[in-house]
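Quick one: structure below, then a few questions.
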2 protein chains.
Amino acid sequence: MSEATPGRARSGAPTLQDVAREAGVSLATASRVLNGTARRVAPAFREKVEAAAEQLGYTANLSAQATARGSSAIVALLVADIADPYFGRIAAGVARGADEAGLMLTIAITERDPQREAKLVRALRGQRPRSVILAASRTTGRANEELVTELGAYTSAGGSVVTIGPGGGTRSVGVDNVGGGRALGAALAELGYRRAIVVAAAEGVRTSDDRIAGFSEGFGSGGGTIDEVLRAGFSRDAGHDAVAAVAERIEAGTVVVGISDVVAMGVMAALRERGRTPGDDVAVAGFDDIPTSHDTVPGLTTVHVPLEELGYRALRSSLVVDAVADAPLTVEVVLRGSTPRLG
Amino acid sequence: MSEATPGRARSGAPTLQDVAREAGVSLATASRVLNGTARRVAPAFREKVEAAAEQLGYTANLSAQATARGSSAIVALLVADIADPYFGRIAAGVARGADEAGLMLTIAITERDPQREAKLVRALRGQRPRSVILAASRTTGRANEELVTELGAYTSAGGSVVTIGPGGGTRSVGVDNVGGGRALGAALAELGYRRAIVVAAAEGVRTSDDRIAGFSEGFGSGGGTIDEVLRAGFSRDAGHDAVAAVAERIEAGTVVVGISDVVAMGVMAALRERGRTPGDDVAVAGFDDIPTSHDTVPGLTTVHVPLEELGYRALRSSLVVDAVADAPLTVEVVLRGSTPRLG
DNA sequence: TTGTAGGCGTTATCAA
DNA sequence: TTGATAACGCCTACAA
């Protein structure tokens with residue numbers, strides 16, 4: 001009556017012990033055939049162990065494995081908003097890379113809150129992930145010292161950090177935002193545009209700043225000038241609200257440039273609500289080339305950014321020891337109906 | 001010379017031992033103040049421990065914690081494609097719920113491959129997550145027995161599974177696809193439409209089947225008939241390609257219903273390429289109400305599905321023991337420009 | 001080739 | 001209230 005429960009009514013998943021017992025071998029042998037690197041197990045034993053594992057539905061306890069090995073098979077990804085197609089596609093690339101490398105992916109959402117960002121990195125650290133990938137747009141300046149501290153603690157404990165976009169101090173993979181902005185500016189100037197309104201994120205957000213800087217340069221040397229830089233954010237609603245206020249006084253022949261396609265979508269919606277017709281009496285351009293930009297009517301002129309590839313590269317880069325600084329991914333302008341040739 | 005390395009040049013993150021030593025207390029005490037539930041530690045000791053932890057940048061090793069406690073603070077999410085806004089929004093809801101509950105979220109991508117699905121559940125099991133949430137559209141029938149086996153092994157080991165959508169055997173949260181389809185059908189019939197072409201997924205995919213069944217019922221009792229059901233899939237390209245082949249012979253006054261908004265976007269693109277104008281000489285409707293449907297021109301008539309809420313509820317439901325079967329979330333028809341009143 | 005045993009970082013039981 | 005100490009599930013010298 002006081003015997004241990006036989007079989008595995010014991011609750012919880014079967015352990016390596018269970019498998020070993022079932023197969024009639026030692027723990028070590030079972031470990032070797034199931035999870036070990038050593039090939040040195042007699043076929044007969046090997047088979048018995050495999051059969052037992054199969055029959056019990058055994059799966060190695062990764063937590064136990066991690067504590068024993070001293071390293072986990074996890075990578076962590078931090079994104080601002082997983083519902084945003086921008087981050088969704090990056091995440092897809094990261095996930096693909098993780099899968100290829102046989103790693104689990106844990107994900108955390110910052111909701112664009114720098115406070116949360118630091119907190120989440122700390123929480124993530126608890127998993128002792130092989131690497132963490134930061135895809136939440138960080139600010140320069142500011143008191144993101146907490147973040148830096150957490151990151152420092154993590155890296156000095158052997159962790160590897162890769163930032164997507166301009167990485168303040170960490171390894172990073174990024175796209176050539178300045179170059180993309182410049183190319184977009186040049187292309188629009190070439191189409192005949194001379195005046196632009198930019199709907200951007202707050203000053204200090206590198207991605208935004210770089211795109212503006214590039215655009216300003218390219219547009220300027222083509223003879224155009226930026227009338228105004230509206231400070232909004234990266235969301236559809238931010239773009240919408242920023243433009244709603246000024247829609248009426250936008251002159252024909254002006255191009256409104258969203259800092260991202262998502263923003264540009266909001267811009268177009270706001271313009272339409274005010275009776276303007278994008279691609280007709282006002283031009284609109286974006287940045288990123290999310291799928292929607294292709295399907296919308298008129299098509300949105302934008303700068304194609306290989307987001308999935310970006311995520312994939314970040315993951316790969318995070319797994320290698322020597323920081324071979326990849327060249328930033330090149331981007332290219334995609335002209336569509338939202339910016340018809342002028343005149 | 002043979003002493004243990006002093007301080008913490010030891011590599012790796014600081015351990016609870018390090019903290020305890022630094023604070024001059026026992027391991028047990030340090031554990032109690034940092035991770036334990038027990039309030040019973042003298043303030044003086046408590047402070048010393050907290051200071052030491054802070055100074056060392058200590059974070060509990062979740063793996064070790066999990067093996068010791070016998071349970072992890074992880075939930076796993078399985079989605080078909082994280083770049084798809086449909087799954088992205090669900091994931092956002094799940095992530096929010098996980099965050100609220102203080103759980104880490106690990107995510108895996110099935111790429112719509114049933115084979116992978118089973119394999120991934122098995123891999124996920126290794127984490128011994130508190131619960132796993134399935135958002136990859138499962139097929140009925142078919143040899144998804146492997147999946148069922150894995151799921152069985154997981155649940156019988158104490159795990160909890162929640163399926164989003166029709167859950168074959170598992171607990172599930174879902175939307176009323178039949179009701180939504182019915183309402184959409186009725187609304188279109190009321191607008192004067194009498195003929196419809198449905199672009200759906202393969203037969204056997206419950207979400208698709210339910211939506212079609214509901215639509216057929218609602219549209220039929222309004223006097224309409226379904227001319228044809230095209231078998232495509234859930235992607236934009238599937239919708240595009242399916243319709244591209246038949247675009248020319250679609251008569252005016254016909255409404256093309258995509259099984260999801262993403263599909264409907266592809267449908268509209270294909271129609272345009274063939275010289276048709278959605279919302280003018282052909283009507284289009286979708287299902288889900290993703291943000292794009294609102295911003296596109298003409299707006300896409302669709303059935304609003306609260307995806308984020310769905311993910312959130314799935315997470316919550318997965319954490320509670322007694323299966324209080326929530327009523328399926330109600331959905332509602334949103335009429336937009338893509339289906340103008342006929343005649 | 002196989003098994004024994006000690007260790008990984010925590011938790012939790014039980015004395016003190 | 002505090003501190004040894006035995007688990008937890010697994011890996012890996014080391015010995016057999």
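The structure presented is a predicted model; accordingly, all values stated were derived computationally and were not measured. Naming convention: chains lettered A, B, ... in sequence-line order (proteins, then strands); numbering from 1 in each chain.
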Both G70(B) and S26(B) contact DNA chain D. Taking the nearest nucleotide for each, which residue is further toward the 5' end? S26(B)

Output the rounded distance in Å from CG (L56(B)) to P (dG9(C)).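 In whole Å, dG9(C) P lies 14 Å from L56(B) CG.
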
Do side-chain atoms of R130(A) reach the backbone of S160(A) as a donor and acceptor pair under 3.5 angstrom? no

Interatomic distance, Q127(B) CD vs dC8(D) P [rounded to whole Å]: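 Taking CD of Q127(B) and P of dC8(D), I get 22 Å after rounding.
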
Can you check the R46(B) CZ to dT2(D) C1' distance for me, whole Å? 13 Å

Does T29(B) make a side-chain N or O approach to OP1 or OP2 of dG3(D) shorter than 4.0 Å?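 Result: yes.
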
Contacts of R316(A) that satisfy side-chain hydrogen bond (donor to acceptor under 3.5 Å, both in side chains) - sequence neighbours left out: none

Would you tabulate the side-chain donor-acceptor contacts of residues 90-104 of chain A under 3.5 Å, counting partners in other chains and residues two or more places apart, or write 'none'?
residue : atom : partner : partner atom : Å
R96(A)  : NE   : E308(A) : OE1          : 3.1
R96(A)  : NH2  : E308(A) : OE1          : 3.2
D99(A)  : OD1  : R116(B) : NH2          : 3.3
D99(A)  : OD2  : R116(B) : NH1          : 3.0
E100(A) : OE1  : Y312(A) : OH           : 2.7

Scan for salt bridge (charged side-chain N to carboxylate O under 4.0 Å, His left out) pairs involving residues 150-159 of chain B, sequence neighbours excluded, and state none if there are none. R122(B)-E150(B), R125(B)-E150(B)

If we fit an axis to the first five pairs and another to the last five of the helix from dT1(C)-dA16(D) to dA16(C)-dT1(D), what angle do they make, to the nearest 10°? 40°

Here the distance between atom P of dC14(D) and atom CZ of R40(A), to the nearest Å, is 16 Å

For Y58(A) and D18(A), indicate whether the former's side chain and the latter's backbone hold a donor-acceptor pair under 3.5 Å.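 Between the backbone of D18(A) and the side chain of Y58(A) there is no qualifying donor-acceptor contact (under 3.5 Å).
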
Across nucleotides 10-16 of chain C, 5' to 3', mark each nucleotide with B, S or - according to how protein heavy atoms within less than 4.0 Å reach it. BSB----

With nearest nucleotides of DNA chain D determined for L62(A) and P43(B) from heavy-atom distances, which residue corresponds to the more 5′ nucleotide? P43(B)

From L105(B) CG over to L105(A) CG, what is the distance, rounded to the nearest 0.5 angstrom?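 The CG atom of L105(A) is 10.0 Å from CG of L105(B), to the nearest 0.5 Å.
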
Apply side-chain hydrogen bond (donor to acceptor under 3.5 Å, both in side chains) to S318(A) and list each qualifying residue two or more places apart in sequence or on a separate chain. S131(A)

About how many Å separate CG of L77(A) and OG1 of T106(B), when rounded to the nearest 0.5 Å? 12.0 Å

